[in-house]
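By convention in this document, chain letters (A, B, ...) are assigned in the order of the sequence lines, proteins followed by strands, and residues within each chain are numbered from 1. These numbers come from a predicted model, not from an experiment.
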Protein chains: 4
Amino acid sequence: MKHENKRQEILTAAMRCFLRSGLKGASTAQICSEAKISPGHLYHYFESKEAIIGALSEAYLQTAAERFRSAVGGDRSVINAILSEMDMQAKGSQPAKLALMYEVFAESARNPEVAKILRTYDLSRRSVMAEVLRHGQRRGEIDPKLDPEAGATAVIGLVDAAKAMTLRASRSDLKKVQDTFKSVLTGLLRSPTQKATKSTPPFRSRP
Amino acid sequence: MKHENKRQEILTAAMRCFLRSGLKGASTAQICSEAKISPGHLYHYFESKEAIIGALSEAYLQTAAERFRSAVGGDRSVINAILSEMDMQAKGSQPAKLALMYEVFAESARNPEVAKILRTYDLSRRSVMAEVLRHGQRRGEIDPKLDPEAGATAVIGLVDAAKAMTLRASRSDLKKVQDTFKSVLTGLLRSPTQKATKSTPPFRSRP
Amino acid sequence: MKHENKRQEILTAAMRCFLRSGLKGASTAQICSEAKISPGHLYHYFESKEAIIGALSEAYLQTAAERFRSAVGGDRSVINAILSEMDMQAKGSQPAKLALMYEVFAESARNPEVAKILRTYDLSRRSVMAEVLRHGQRRGEIDPKLDPEAGATAVIGLVDAAKAMTLRASRSDLKKVQDTFKSVLTGLLRSPTQKATKSTPPFRSRP
Amino acid sequence: MKHENKRQEILTAAMRCFLRSGLKGASTAQICSEAKISPGHLYHYFESKEAIIGALSEAYLQTAAERFRSAVGGDRSVINAILSEMDMQAKGSQPAKLALMYEVFAESARNPEVAKILRTYDLSRRSVMAEVLRHGQRRGEIDPKLDPEAGATAVIGLVDAAKAMTLRASRSDLKKVQDTFKSVLTGLLRSPTQKATKSTPPFRSRP
DNA sequence: CATGAATGAGTATTCATTCAT
DNA sequence: TATGAATGAATACTCATTCAT
């Protein structure tokens, strides 16, 4: 298992490099020196730089999925769980991380292995979200007329869009933008009973 | 003028290369041979590879803005105009183009010049969209309670999210996903009068 | 003569560039833009960059020779004239100018044309100096036993060495070093009558 | 140790290239092929071409200093030791080496790292020479009134000037010129006792 | 398991010079 | 006399990868 440990060390070192310099910007030499191994030795653990990127993407996406699963696993209102997930995604998104994510997306258009990983992740993410929505419907928190699968897609799209905004909206706009997104999300999900009593969302002008 | 023409030729050649190989993947040598000029001659027209990327980004974003402005300029319903813009964005998005866009986003996190271009574009896009929403409100098509600025942000976020989906959702899911987004959008914008008579949107389960 | 004028303009522009960036460091493009002509047009006036360097060296050395000739031409003591020439050379020597001179020397070891120019200049400089020394001997200022030709060489060597010091000695040492050189020079040249009454030169320790 | 050996091999190969083509004239490609290594491998041993120049300068100046120190270390007359050092410097100076030295001087005006190396060398050279002069004074060979520090500067200036002459004086003049310099040097250094019995130096005309 | 020497094609960019107009 | 488009070899340097030890 020593092998596996070292592999993990290298992966985290590589992640630090990728965050610092980007996917193509980080060289294997950088990664090796960050991981304190010799350049040749890297290839004892990984077939190529691409393989490192693949492994890293997979690991990252898996932990992201697990984190989300546990986040919505608790007792609290499903909508609140989703909203707080959106918050966390947006707040935990340093520009470097987002840039890296975008590079991985770009990579997926040219590197089929990465594309496959990304596809798998999206499917699992969607099925988890659909499950969560069904759970919410059973508890009467989510509009029972909402199709869980399609709703899941919409939610994920909104969460990702909110995340993306952190890179492009100016810091001062960010809060407003994210509140808007939360309102859209809430409007989309909330059951009719709750909708009747809804407060004016922030993107409405003064009544 | 001859200078400007050649500059444009080089830009389109460069775009072909970037689409094929990515932002860092395309070399100046590739660009030169695609443009059928000698490697040195490139620098007669552009200061650097970065300058090419900058010019290309700017041109792309400008035409995108103009296209949208003319799309919503006509007589038809504002909501329909926005929906069809979303369609066009989504349908015109070959994976390669999207990947490139993602790379530019990533670039913007590390290259302040690109960041500035992107920021400017986003602002102009938002102000145009807000103007469109106000127009729709005057015509009674758009919910008068909607704050135009925040609404514009939400719309743009949704359009971009729909676009992004084309890279990650499988082809078979795509239509459903996009319909979902359109419904969310319609729900967000439509005036109460129209909302009363709304048809069941596609992301509702069969009643 | 318009041709000749433009040629001169280009030469002075080139000199500015060479001073700024060095002999190999200055590009023909830089020179052209400094001279406000097109890159092609440069070759209407000069066969090559080397030819510019050659012309520039020749012009510079000629004016240097003329300046010296007129400096020692006056009425004052020959030794003082030489000492003040040494001062002027040393003080007028910005690092950039000296560096350029060194580069020309280096060039002369590889470029026969420059070597020839330099050789010619040295010979003329030496013959002028020898003439000056003979003049001083006639006036009883210079040791009559000094061989004018060999003495001229020694003087020139000392003047050049003093000049060279400005690039390498720290600013605080410079005055002392140059005084030393002046003393050596004076000791070498002064007639015995004057030597009998000489003041202790600065490079003697306290008696 | 193998690393250090290879480093040295590369340095000598680089020196051959620099002597042949000059500091800017020699390309890293030339150096690599002279050292029989691949172009990339050079950077395993040196950070940059500049670093090679720096290492080379330092090594050269150090051995020069050591050589001189041992030359004056023996039993013989201090003045003779200095004169023979002058001879060696002058005779060992192929034009190519001198040209290179000049280029390094020029470089020092634009490259602070080279300037620092040069400055250090000059200081150490001066302090060694001053020590030698003091030694000569103790042995009654050198004029006790001479200030060792200033005298050292003068001596070094003369030695360098003599060296410089080899590049510019025609071969036939060279001996005469160097004899002149030796006489100047001897006159500067010799103690009064010896001066009383001095032979007519070569730069005096026949009496 | 580990090193680090070695590769060689590849990188963006520069340059003196030529040529058509 | 003048332009500036065009060249293409050259520049210093980087990189993912291989291999002998």
remark   = Bounded by its outermost nucleotides with an atom under 4.0 Å from a heavy atom of chain B, the footprint on DNA chain F reads F/dG4 to F/dA9

Intra- and interstrand pairs of DNA chain E - dot-bracket, Watson-Crick/G-U under 3.5 Å, | marks other strand = .||||||||||||||||||||

Contacts of type side-chain hydrogen bond (donor to acceptor under 3.5 Å, both in side chains), residue B/Q62, not counting sequence neighbours = none

ask   = What residues, two or more places apart in sequence or in another chain, satisfy side chain to side chain contact (heavy atoms under 4.5 Å, CB included) together with D/A115?
value = D/S108

Partner residues of D/K163 under the side-chain hydrogen bond (donor to acceptor under 3.5 Å, both in side chains) criterion, sequence neighbours left out = D/Q89

Side chains of residues 44-51 of chain D: which donor-acceptor partners sit under 3.5 Å, not counting sequence neighbours?
| from | atom 1 | to | atom 2 | distance (Å) |
| --- | --- | --- | --- | --- |
| D/S48 | OG | D/E50 | N | 3.4 |
| D/S48 | OG | D/A51 | N | 3.1 |
| D/K49 | NZ | D/L23 | O | 3.1 |
| D/K49 | NZ | D/A26 | O | 2.8 |
| D/E50 | OE1 | D/N111 | ND2 | 3.2 |
| D/E50 | OE2 | D/N111 | ND2 | 3.2 |

Side chains of residues 53-60 of chain A: which donor-acceptor pairs under 3.5 Å do they make with residues two or more places apart or in other chains?
| from | atom 1 | to | atom 2 | distance (Å) |
| --- | --- | --- | --- | --- |
| A/S57 | OG | A/I53 | O | 2.7 |

message = According to side chain to side chain donor-acceptor pair (under 3.5 Å), does anything in residues 16-26 of chain D pair up with another residue at least two apart or in another chain? List the pairs.
response = D/R16-D/E34, D/R20-D/E34, D/S21-D/Q30

inquiry  = Between A/E9 and A/K6 (salt bridge meaning N to carboxylate O under 4.0 Å), is one present in this structure?
reply    = yes

query = Heavy-atom contacts under 4.0 Å between residues 21-50 of chain A and DNA chain F, which residues?
reply = A/A26, A/S27, A/T28, A/G40, A/Y43, A/S48, A/K49

ask   = Of all residues at least two apart in sequence or in a different chain, which pass the side chain to side chain contact (heavy atoms under 4.5 Å, CB included) check with B/A99?
value = A/A106, A/A109, A/R110

query = By side chain to side chain contact (heavy atoms under 4.5 Å, CB included), which residues pair with D/Q8, not counting sequence neighbours?
reply = D/E4, D/L11

query = Is there any ring-ring contact (aromatic ring centres under 6.0 Å, His included) pair reaching into residues 6-34 of chain C, and which pairs are they, with sequence neighbours excluded?
reply = none

